[in-house]
Amino acid sequence: MTITQSSIQLHDMRFYAYHGVLEQERRVGGEYLVSLSVDADLSTAVVSDSVEDTVNYAALYEVVAHEMAQPSKLLEHVAGRIGSRVLEAFPLVDGLRISITKCNPPMGADSSGASVTLNIER
């Protein structure tokens, strides 16, 4: 068997956080969804069945949760911090895609959210 590509995804992690350009957004907070996909060679873990040979998704979640708890004006800034921390903490990760959605953005539109997505390579 040959594995040509492998990744781990965390879908729609829910957070209440304090991000936004407006002072009120940073004071009262709002709901956010974060999805993360990390590219890594998982072929060793396929054979070993050992968590040491993969990217632990619980540890990935902790990185995301820590950065979501730090208020920022821009979702771009939050996504960039998460990307940097993931690459720093997980040497097996070659690249990642992160999407952060503000569920109720203050833009006067009937919308289910506004998102920022970054594709990051090591």
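Starting from 1, each residue takes its place in the sequence as its number. Model, not experiment: these values are computed from the prediction.
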Colleague: So do Leu36 and Arg97 actually touch side chain to side chain, heavy atoms under 4.5 Å?
Modeller: no
Colleague: Start with the C-alpha distance between Phe90 and Val63, add both sets of side-chain angles, then the distance that settles side chain to side chain contact (heavy atoms under 4.5 Å, CB included), and finish with yes or no.
Modeller: CA-CA 10 Å; Phe90 304 96; Val63 168; 4.0 Å; yes
Colleague: Is the closest side-chain heavy-atom distance between Thr44 and Asp41 below 4.5 Å?
Modeller: no
Colleague: Side chains of Ser7 and Gln9: donor-acceptor distance under 3.5 Å anywhere?
Modeller: yes
Colleague: Can any side-chain N or O of Ser48 pair as donor or acceptor with the backbone N or O of Ser50 at less than 3.5 Å?
Modeller: yes
Colleague: Is there a path of hydrophobic side-chain contacts, each under 4.5 Å between heavy atoms, that joins Leu74 and Val78?
Modeller: no
Colleague: Taking everything shown except Tyr57 itself, do over 12 heavy atoms lie less than 6.0 Å from its OH?
Modeller: no
Colleague: How close do Ala79 and Leu118 get, counting heavy atoms only, and between which atoms?
Modeller: CB-CD1, 3.5 Å
Colleague: Any donor and acceptor pair, going by atom type alone, linking the side chain of Ser35 with main-chain N or O of Ser99 inside 3.5 Å?
Modeller: no
Colleague: Below 4.5 Å, heavy atoms only, C-beta onward: do Val86 and Leu60 meet side chain to side chain?
Modeller: yes
Colleague: Just by modelled atom types, is the Val64 backbone N or O under 3.5 Å from a matching donor or acceptor in the Glu67 side chain?
Modeller: no
Colleague: Would you please test Arg122 and Val93 for side chain to side chain contact (heavy atoms under 4.5 Å, CB included) and show each step?
Modeller: CA-CA 8 Å; Arg122 186 173 292 283; Val93 172; 4.3 Å; yes
Colleague: Taking the side chain as every heavy atom from C-beta outward, state whether Arg85 and His66 have any pair of such atoms under 4.5 Å apart.
Modeller: yes
Colleague: Describe, in one word, how the ring planes of Tyr32 and His19 are oriented to each other, choosing from parallel (under 30°), tilted (30 to 60°) and perpendicular (over 60°).
Modeller: perpendicular
Colleague: Could you go through Phe15 and Tyr61, starting from their C-alpha distance and side-chain angles, then the distance that decides it, and tell me whether this counts as ring-ring contact (aromatic ring centres under 6.0 Å, His included)?
Modeller: CA-CA 11 Å; Phe15 297 95; Tyr61 172 81; 5.7 Å; yes
Colleague: Let me confirm one number: the CD-NE2 distance from Gln70 to His77, rounded to the nearest 0.5 Å.
Modeller: 9.5 Å
Colleague: Do the charged groups of Glu23 and Arg26 touch, with an N to O distance under 4.0 Å?
Modeller: yes
Colleague: Mind checking whether Leu33 and Arg14 have side chains closer than 4.5 Å, heavy atoms only?
Modeller: yes
Colleague: What residues join Val46 in its hydrophobic cluster, counting side-chain heavy atom gaps under 4.5 Å, either direct or through other members?
Modeller: Met1, Ile3
Colleague: With no hydrogens and no angle check, is any side-chain donor or acceptor of Thr54 less than 3.5 Å from a backbone partner on Asn56?
Modeller: no
Colleague: In terms of side-chain geometry, is the basic nitrogen of Lys102 or Glu31 positioned less than 4.0 Å from the acidic oxygen of its partner?
Modeller: no
Colleague: Treat each ILVMFWY residue as a node, draw an edge where side-chain heavy atoms are under 4.5 Å apart, and state whether Leu92 and Val51 are in one component.
Modeller: no
Colleague: Do Met68 and Val34 touch side chain to side chain, with heavy atoms closer than 4.5 Å?
Modeller: yes
Colleague: Which heavy atom in Val21 sits nearest to a heavy atom in Glu25, and how many Å separate them?
Modeller: N-OE1, 3.2 Å
Colleague: For Ala40 and Val55, work out which heavy atoms get closest and say how close.
Modeller: CB-CG2, 4.1 Å
Colleague: In a check of side chain to side chain contact (heavy atoms under 4.5 Å, CB included) between Val38 and each of Ile120, Leu96, Ile98, which one passes?
Modeller: Leu96
